[in-house]
There are 2 protein chains.
Amino acid sequence: MNLKQLSQSLGLSQTTVSRALNGYPEVREETRQRVVAAAAAANYTPNSRARRLATGRSMAIGHVMPLTGREEMVNPIFADFIAGAGEVYAREGYDLLLSMVPANGTEAAYRQMASNASVDGVMVQAPTLDDPRVPLLQELGLPFLVHGRTASPEAYSWLDVANVRAFRRATDFLLDLGHRKIALLNGQESLDFALRRRRGMEEALAERGLAPNPLWMRSDIMTEQYGYRTAGELLDSDTPPTAFLVSSIIPAIGVRRAVGERGLRTGRDISIVCHDDALSYLDNDGLNAPEGPAFTSTRSSIRAAGRRCAEILLDLIDNPDQPFVQELWETDLTLGRSTGPAPT
Amino acid sequence: MNLKQLSQSLGLSQTTVSRALNGYPEVREETRQRVVAAAAAANYTPNSRARRLATGRSMAIGHVMPLTGREEMVNPIFADFIAGAGEVYAREGYDLLLSMVPANGTEAAYRQMASNASVDGVMVQAPTLDDPRVPLLQELGLPFLVHGRTASPEAYSWLDVANVRAFRRATDFLLDLGHRKIALLNGQESLDFALRRRRGMEEALAERGLAPNPLWMRSDIMTEQYGYRTAGELLDSDTPPTAFLVSSIIPAIGVRRAVGERGLRTGRDISIVCHDDALSYLDNDGLNAPEGPAFTSTRSSIRAAGRRCAEILLDLIDNPDQPFVQELWETDLTLGRSTGPAPT
DNA sequence: TCGCCAACCCAAAGCGCTTTGGAGAGACCG
DNA sequence: CGGTCTCTCCAAAGCGCTTTGGGTTGGCGA
């Protein structure tokens, strides 16, 4: 069933039927009702391909998901972010176009999207310090929103969490508990957020006249194995740290495993603070858990960020001439059972 | 730059330019070269909207991601599956259209996709025993592939892992180690795979004249919290199990946490066997870990399944008249450090 | 009665591509 | 040397929608 057939069966022109369905005022209410009823009865939906061509809008947003590392891994954080954004897209009638590309192919992917006009805008995730995608998208004139920031975040729209403050706060918390030997298990420091978190920790240490121990400052893709092995290595060293500051709940699980395997108790012998993106299947929240959260964490829902990012991006598409939208989200420090006073 | 402009700048017709770019034989090789060079120079890509309308093909595959449970959670397993499928789509020039819908809205989502012709085929994940999507998609005439099976899997194409055999094998393994008090932490048993896994366990028990203890047969959304709380509850009961059979590595992490918090050691006091989907950030594999896998597990890469599913689906779209494709994958039982002889 | 204005509705022209159905120019053949 | 192919290329007709630029009708004021 297409528009032509539908309009013929109604004895109306395509114009009128189209207008009736799209809610234009030039059609009598009674006629509209009739059209809408007939469309519903015939199970008619405008062909999206034709509509996209006619309107010149794709009604789709591109997300490029890089497959990182030697194993081309997919970050579960992206999944939750996309879930949040997808909710908003669905609500607003947009499609989510997901493009899976090798880590070095993201630029080509965006270029392609711009050139063949398959999307109305794109979402940029996990920017590096000096991310080439930002100038690229500016050059291409494709509306975009960055989740995170680059080193010079003045001239585009973004949403980010206050990473420096979050990790400064987390470090302060550990210092207040008496910990002096604190390891940082950071994400890849080519990524902007990781560098900010490191800075947060360093600032907190510096404020008390402490210097970070380079041996304890680690950085890699945030897998469970990374947490497990790095923590194991540090715990087995001559001067093991008493506390771990971890950039994600996933490596923090690995740290906990390493701690447990050595007969130590998390929260008593070893303290762990991590950043918690509130991944739904790895829920650390105390609201649902009477015993409280497992990890003490700086918490910020990546899902909620996805939702908000989608809203901003769609708004940017609708109103291209507005000033840059730049939102900084504070995190909570949630107390869990993974921290305790430094052992004496 | 569009086709018209490009062809004018070349002094050729749109027909010829289109054919040259699409590799049709009616155009002289020399001319083709000239066209291709000009297109590259002008950074021209055919407008995908127009192309889709003209060809009648969407060059897109729909994935519907249900947000399950009260919290509308997003299953990280879907993410890895999609990553695998997305690789294949990208390679074959297809887009991946991701639709995020509430759990009860999947049917409407597929119906919409069929009616407005926005995709050439759809992927069905996590089918229930008597999944309404199968007859629906048959009725709609939309090519589809099911990852998993329903209770009567004769008349459509699917790819599944041998769940019964996997969990029978896992149960046998625990029984051989002397365990008699085995708890099952299953996924939601409205889903077909969960029921098959349960059956596998029950068959293995029955074969040795054992009956499952209803108190130890649990079933829910496979979060870390679910594993943690259920295991905690069982461990604190009068007759705690000595082994846990868990449907996913995520709740298995929760079980391990509950075990650790009670001062027990996983693999010595309590054994855990889980199904491992080989999620990239929760890698349990021994290949990369000199100390071996953390969990003893029935293992099957969900990412690889996604890749293969995509291949099958695209093939189904290209050749609609072929017989049903039905692939059953066996799992490996990987020995890890989470199992040991039953304590006496 | 005429003119004007809403209120409704329509024919037709795109949107930018693919594809059908030739057409012209040589090449080859008997 | 006319006829038949093969090689190249082109004009024009869609694909199914939206949107422009009117047309027709009836009501109402002058």
Side-chain angles (χ1 to χ4, degrees), chain A residues 1-36 38-39 42-60 93-95 112-120 318, chain B residues 1-36 38-39 42-60 93-95 112-120 318:
Chain A
M1 173 65 76
N2 60 23
L3 184 63
K4 192 173 179 184
Q5 295 165 347
L6 181 65
S7 57
Q8 278 171 353
S9 79
L10 279 161
L12 288 169
S13 74
Q14 297 190 34
T15 308
T16 304
V17 175
S18 171
R19 286 197 163 138
L21 293 174
N22 289 317
Y24 283 78
E26 298 93 335
V27 43
R28 193 171 15 146
E29 187 51 31
E30 183 196 319
T31 311
R32 177 197 316 293
Q33 305 266 339
R34 202 158 59 92
V35 170
V36 168
N43 202 16
Y44 169 80
T45 316
N47 180 303
S48 66
R49 292 191 287 254
R51 173 189 275 235
R52 285 172 221 259
L53 179 59
T55 58
R57 304 193 57 180
S58 297
M59 295 307 285
Y94 276 78
D95 282 336
Q112 165 96 359
M113 284 178 174
S115 145
N116 72 14
S118 50
V119 299
D120 295 325
D318 282 342
Chain B
M1 172 66 75
N2 60 23
L3 184 62
K4 192 172 177 181
Q5 295 164 346
L6 181 64
S7 58
Q8 279 172 353
S9 80
L10 278 160
L12 289 169
S13 73
Q14 295 190 36
T15 309
T16 303
V17 175
S18 171
R19 286 197 162 137
L21 293 174
N22 290 316
Y24 283 79
E26 298 93 335
V27 43
R28 195 167 20 140
E29 187 52 32
E30 183 196 319
T31 313
R32 177 198 314 296
Q33 306 266 339
R34 202 159 59 94
V35 171
V36 168
N43 202 17
Y44 168 80
T45 315
N47 180 302
S48 66
R49 292 192 286 256
R51 172 188 274 233
R52 284 173 222 259
L53 179 59
T55 58
R57 303 194 57 180
S58 296
M59 294 307 285
Y94 277 79
D95 282 337
Q112 166 97 359
M113 284 178 175
S115 145
N116 71 14
S118 51
V119 299
D120 296 324
D318 283 342

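Atom set for the values below is all heavy atoms of this structure, side chains included, hydrogens, waters and symmetry mates excluded. Labels below follow one simple rule: chain letters A, B, ... track the order of the sequence lines, proteins then strands, and each chain is numbered from 1.
- As rounded to whole Å, 13 Å separates atom C1' of dG22(D) from atom CD of Glu26(A).
- In this structure, Thr15(A) reaches the bases: a heavy-atom distance under 4.0 Å links it to at least one base atom across the strands shown.
- Between the side chain of Ser58(A) and the main chain of Ala117(A), a donor-acceptor pair closer than 3.5 Å is present.
- Put simply, Thr31(B) has a side-chain N or O that comes within less than 4.0 Å of OP1 or OP2 on dC9(D).
- In terms of position along DNA chain C, the nucleotide closest to Val17(A) lies nearer the 5' end than the nucleotide closest to the other residue of the pair Pro46(B) and Val17(A).
- Base engagement by Ser18(A) is indicated by at least one non-hydrogen atom pair under 4.0 Å involving a base atom.
- Judged by distance alone, the side chains of Thr15(A) and Ser18(A) never bring a donor and an acceptor atom under 3.5 Å apart.
- Counting only N and O atoms by type, the side chains of Asn22(B) and Arg51(B) include a donor and acceptor under 3.5 Å apart.
- Place Tyr44(A) and Leu12(B) on DNA chain D by their nearest nucleotides, and Leu12(B) ends up nearer the 5' end.
- Using a 3.5 Å distance cut-off with no hydrogens or angles, the side chains of Arg32(A) and Tyr24(A) do not pair a donor with an acceptor.
- Looking at Gln33(B), its side chain never comes within 3.5 Å of a backbone N or O of Glu30(B) through a donor-acceptor pair.
- Taking the 5' to 3' direction, DNA chain C first and last meets chain A under 4.0 angstrom from a heavy atom at dC8(C) to dG16(C).
- Remark: Arg28(B) is in phosphate contact with dC9(D), judged by side-chain N or O atoms under 4.0 Å from OP1 or OP2.
- A donor-acceptor distance shorter than 3.5 angstrom exists from the side chain of Asp120(A) to the backbone of Met59(A), with no hydrogens or angles considered.
- Remark on DNA chain D: of its neighbouring residues Ala54(B) and Val27(B), the 5'-side contact belongs to Val27(B), judged by nearest-heavy-atom nucleotide.
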